[in-house]
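Input: a single structure, listed below in structure tokens.
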Amino acid sequence: MPELPEVEFAARSLRRWLADRTVQEVVAPASRIFRGTDRKALVRDLRGRRLEWIERRGKYLLIAWDRGVGLLSHLGMTGKWLRLPEHQDEATHVRAELILAEGGSVAYDDQRLFGRLTLHPAEELLDLPEIRALGPDPLIDGIDPGLLAEKFKKTSRSVKVALMDQRVLAGLGNIQTTEALFLARIHPEREARSLSPEEVERLVRAIEDTLQKTLDDIDGDLIAYVEEAGSHNPFQIYRRQGEACPRCGTTLEAMVLGGRTTVFCPRCQSL
DNA sequence: ACGGATGTTCGCGC
DNA sequence: CGCGCGAACATCCG
């Protein structure tokens, strides 16, 4: 599920689901998502808590409760937060369930266990090393083309790999970088430092556009799970190698960059 | 049966 | 130190 738009949606959902509610009990069997944290302390400390605030930074969720209890949540590859009205059977991979005193529960579901849920003092959440290491968040901080260009100048990597680096910009993954480069008509394999100021400007606008478009699609319920991409793929070129470019009709191609399949139009995004 | 999938991290070799 | 690559993590789907 998770790149910036999906995580933002999770943050908004959790704020609604947890507002003015009390966590009555926590059910959290041992699993990898608790790595590095004391699971039993997490269960104990969360009991009786009420939400204070939730923030998203890149693909991370910071969840602060009363009495200074803090949770750091990362959705990994297949993590999602769910509202379970009563009992659940469709949520087959629930790893942590926060049962609410007011009824129902809020649950973290993660099939592949690449996600993470760890306990921290609430006031330290924003100062955690993994959060401090993040670059600017496109939604919270905005994207400064000058700053981005400066970062590009310092590396010999391709623009696609640089954009997926969370220290450059926080929140972009394989889908959003693929889409943004297509919108900006920039070949993913271009050296980041070779981009002209005009191209960086175009790229910044493309990133903002694709993030907003995906957020709108999620709000419009157009995206449930992108695993269904074959049938409901809402993206312009992601996973569409072999199909016709929506702009010029040329057959879309794919290559591997930074270990991820990258789709591009060889004509619109020439080297 | 095989290959690939929205992410992060680590080790290796250059 | 920077960078690319492959592996690992665990499971499902086409």
Side-chain angles (χ1 to χ4, degrees), chain A residues 1-10 29-37 56-61 72-81 90-95 108-118 128-135 138 151-182 188-194 207 210-211 213-215 217-218 222-243 254-263:
Chain A
M1 209 179 159
E3 289 184 33
L4 187 154
E6 292 86 349
V7 181
E8 175 64 22
F9 183 71
S31 82
R32 270 176 42 81
I33 66 162
F34 302 110
R35 81 193 88 115
T37 216
R56 180 193 55 75
R57 281 289 186 287
K59 300 172 192 169
Y60 285 93
L61 286 173
L72 181 67
S73 164
H74 193 290
L75 305 182
M77 242 0 185
T78 51
K80 46 189 169 282
W81 282 96
E90 79 277 12
T92 45
H93 305 284
V94 170
R95 311 298 182 176
Y108 178 67
D109 181 292
D110 190 343
Q111 173 194 114
R112 289 171 71 186
L113 296 174
F114 292 177
R116 172 180 162 186
L117 193 61
T118 50
L128 291 170
E130 44 276 78
I131 302 302
R132 301 198 69 127
L134 297 173
K151 286 191 178 166
F152 282 171
K153 289 295 179 208
K154 292 177 188 160
T155 183
S156 61
R157 298 133 100 203
S158 69
V159 61
K160 169 75 158 34
V161 171
L163 284 177
M164 284 198 296
D165 184 339
Q166 302 301 296
R167 296 170 299 185
V168 173
L169 285 176
L172 305 182
N174 197 29
I175 295 181
Q176 297 299 324
T177 51
T178 295
E179 294 288 296
L181 287 165
F182 172 72
E189 218 177 6
R190 283 278 301 283
E191 273 199 8
R193 61 186 170 199
S194 77
I207 292 167
T210 184
L211 289 175
K213 164 81 160 51
T214 305
L215 271 170
D217 285 351
I218 295 173
L222 290 180
I223 298 177
Y225 299 96
V226 182
E227 295 102 77
E228 300 166 16
S231 44
H232 302 108
N233 185 345
F235 300 107
Q236 297 239 60
I237 66 164
Y238 172 72
R239 278 201 187 180
R240 293 193 187 279
Q241 56 267 50
E243 298 182 23
M255 66 189 303
V256 174
L257 279 181
R260 329 291 307 193
T261 300
T262 303
V263 182

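Naming convention: chains lettered A, B, ... in sequence-line order (proteins, then strands); numbering from 1 in each chain. Quick caveat, the model's predicted, so the values are computed rather than measured.
Rounding to whole angstrom units, OH of residue A/Tyr238 and P of B/dA5 are separated by 7 Å. Here the P atom of nucleotide C/dC13 and the CZ atom of A/Arg112 are 12 Å apart, to the nearest Å. In this structure, A/Leu75 places its CG atom 10 Å from P of B/dT8, rounding to the nearest Å.
A donor N or O paired with an acceptor N or O is found under 3.5 Å between the base of B/dG7 and the side-chain atoms of A/Arg260.
Across all strands shown, C/dC1 has no partner, as no Watson-Crick or G-U wobble contact with both distances under 3.5 Å is found.
The side chain of A/Glu3 lies closest to B/dG7 when the candidates are B/dG7, C/dC3, C/dA10. Among the nucleotides B/dA5, C/dT11, B/dG7, the one closest to the side chain of A/His93 is C/dT11. With C/dC3, C/dT11, C/dG4 as the candidates, the nucleotide lying closest to the side chain of A/Val161 is C/dG4.
Nearest heavy atom pair, residue A/Ala162 against residue A/Phe152, reads CB-CE2, 4.0 Å. In terms of heavy-atom proximity, A/Leu4 sits nearest to A/Ala170 at CD1-O, 3.6 Å.
With centroids closer than 5.5 Å and planes inclined by less than 30 degrees as the test, A/Phe114 and the base of C/dC9 pass as a stacked pair.
Taking the P atom of each, C/dG6 and B/dG4 are spaced 12 Å apart, rounded to whole Å.
Among A/Leu128, A/Val7, A/Leu134, the single residue meeting the side chain to side chain contact (heavy atoms under 4.5 Å, CB included) criterion with A/Tyr60 is A/Leu134.
Salt bridge status for A/Asp165 with A/Lys151: absent, with no side-chain N to carboxylate O gap under 4.0 Å.
Residue contacts shown for A/Arg157 are limited to sugar-phosphate atoms, with no base heavy atom under 4.0 Å away.
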